[in-house]
Colleague: 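This structure is in structure tokens; I'll ask about it shortly.
Along the sequence shown, residues are numbered consecutively beginning with 1. Note: hydrogens, waters and symmetry copies are ignored here, and every other heavy atom, side chains too, is used.
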Amino acid sequence: ENELSLYLEKARLIKAAMESDSEFGRLLSNPLVPEDDKINLILQLAGGGMPGSFTGFMRPIIRNGRQEGLLEMLDTLFLMADEKMDLITAYVTSAYPLNDSQKERLKAVAESKACKQVRLEITVDPNVIGGLKIKIGDSVADATVKRNIEDMKSLLLNRAQISNSD
């Protein structure tokens, strides 16, 4: 369990670097950069305590030139690990940052509904105006002000069309 946690932590560091630093991704994809240099770059980025199994995971990817698919592989790895740990992710969109108390309450409600451990991934989007939108798996609960305005607009347009057809 501890090795899996460490493995996932290192994988998340690699993913974050690839998503935020295009130079890192270009170096990994560059055929002129020797394989050992790429592996050393990954080891440096991940810091100490790299599990041998993680290095064993990365070496064939680098050796076989499969870096282009690494983000997708890491996402699949995270999904498989979440499944093993009986953990799901709740994607939350809010107009404003949530404080710790709000996050804890939201997580507790989500865990009681899902009957699983829940990881919150919170995005702040001022366009929702207020309220929350929560996506867990295929289920979406949209209680945002923006959604309510859209619903009212549709209702009013439908009523206007009915009135015009009379």
Colleague: Determine yes or no for a side-chain-to-main-chain donor-acceptor pair under 3.5 angstrom, with S112 supplying the side chain and V109 the backbone.
Modeller: yes
Colleague: If hydrophobic clusters are built by linking Ile, Leu, Val, Met, Phe, Trp and Tyr wherever their side-chain heavy atoms come under 4.5 Å apart, do L106 and Y91 end up in the same one?
Modeller: no
Colleague: Is a side-chain donor or acceptor of N99 paired with a backbone partner of S101 at a separation under 3.5 angstrom?
Modeller: yes
Colleague: Mark yes or no for whether N40, through its side chain, and D36, through its backbone, hold a donor-acceptor pair below 3.5 Å.
Modeller: yes
Colleague: Inspect the contact between E23 and R26 and indicate whether a charged nitrogen and a carboxylate oxygen are less than 4.0 angstrom apart.
Modeller: yes
Colleague: Report the distance from atom CD of E68 to atom CD1 of I61, rounding to the nearest 0.5 Å.
Modeller: 12.5 Å
Colleague: Parallel, tilted or perpendicular: which one describes the rings of Y7 and F57, with boundaries at 30° and 60°?
Modeller: tilted
Colleague: Are I134 and V128 connected in the hydrophobic side-chain network, where two residues link if heavy atoms are under 4.5 Å apart?
Modeller: no
Colleague: Hey, could you give me the OG1/CG distance between T89 and L79, rounded to the nearest 0.5 Å?
Modeller: 8.0 Å
Colleague: At what distance, to the nearest 0.5 angstrom, does CZ of F54 lie from CD1 of I42?
Modeller: 7.0 Å
Colleague: Using a 3.5 Å distance criterion without hydrogens, assess whether the side chain of E111 forms a donor-acceptor pair with backbone atoms of V118.
Modeller: yes
Colleague: Evaluate L74 against L77 for side-chain contact (heavy atoms from CB on, under 4.5 Å), listing each step before the verdict.
Modeller: CA-CA 5 Å; L74 291 174; L77 170 70; 4.3 Å; yes
Colleague: With clusters defined by side-chain heavy atoms of hydrophobic residues (ILVMFWY) lying less than 4.5 Å apart, directly or transitively, does L98 cluster with Y96?
Modeller: no
Colleague: Check the pair T144 / D125 against side-chain contact (heavy atoms from CB on, under 4.5 Å), numbers first and verdict last.
Modeller: CA-CA 11 Å; T144 60; D125 180 0; over 6 Å; no
Colleague: For P60, is there any backbone N or O sitting under 3.5 Å from a side-chain donor or acceptor partner on N64?
Modeller: yes
Colleague: Could you state the interatomic distance from CD (Q102) to CG (L120), rounded to the nearest 0.5 Å?
Modeller: 12.0 Å
Colleague: Compare every heavy atom of G130 with every heavy atom of A95, then report the nearest pair and how far apart it is.
Modeller: CB-N, 3.7 Å
Colleague: So which atom in S29 and which in Q67 form the shortest heavy-atom distance, rounded to 0.1 Å?
Modeller: OG-CB, 4.2 Å
Colleague: Would you say the side-chain atoms of K135 pair up with the backbone N or O of G137, donor to acceptor, closer than 3.5 Å?
Modeller: yes
Colleague: Is it the case that one hydrophobic cluster holds both V92 and L87, taking links as side-chain heavy atoms less than 4.5 Å apart, direct or via other members?
Modeller: no
Colleague: What are the two closest non-hydrogen atoms of A90 and I136, and how far apart are they?
Modeller: CB-CG1, 3.6 Å
Colleague: Check this for me, if you would: do E9 and R12 make a salt bridge, where the nitrogen-to-carboxylate-oxygen distance has to be below 4.0 angstrom?
Modeller: no
Colleague: Taking atom CD1 of I39 and atom CE of M58, what is their separation to the nearest 0.5 Å?
Modeller: 6.0 Å
Colleague: Rounded to the nearest 0.5 Å, what separates atom NZ in K103 from atom OG in S94?
Modeller: 10.0 Å
Colleague: Quick one: do D82 and R119 satisfy salt bridge (Lys or Arg N to Asp or Glu O under 4.0 Å)? Show the steps, please.
Modeller: CA-CA 10 Å; D82 286 354; R119 175 191 311 115; 2.7 Å; yes
Colleague: May I ask you to decide if I129's main-chain N or O and K146's side chain share a donor-acceptor pair within less than 3.5 Å?
Modeller: no
Colleague: Please step through side-chain contact (heavy atoms from CB on, under 4.5 Å) for the pair L8 and F78, ending with a clear verdict.
Modeller: CA-CA 7 Å; L8 294 171; F78 299 141; 3.9 Å; yes
Colleague: Just by distance, do the side chain of K38 and the backbone of N30 share a donor-acceptor pair under 3.5 Å?
Modeller: yes
Colleague: Give the C-alpha distance, both sets of side-chain angles, the deciding distance and a yes or no for side-chain contact (heavy atoms from CB on, under 4.5 Å) between L41 and V33.
Modeller: CA-CA 11 Å; L41 180 64; V33 176; over 6 Å; no
Colleague: What heavy-atom pair brings D86 and K116 nearest, and what distance separates the two atoms?
Modeller: OD1-CE, 3.3 Å
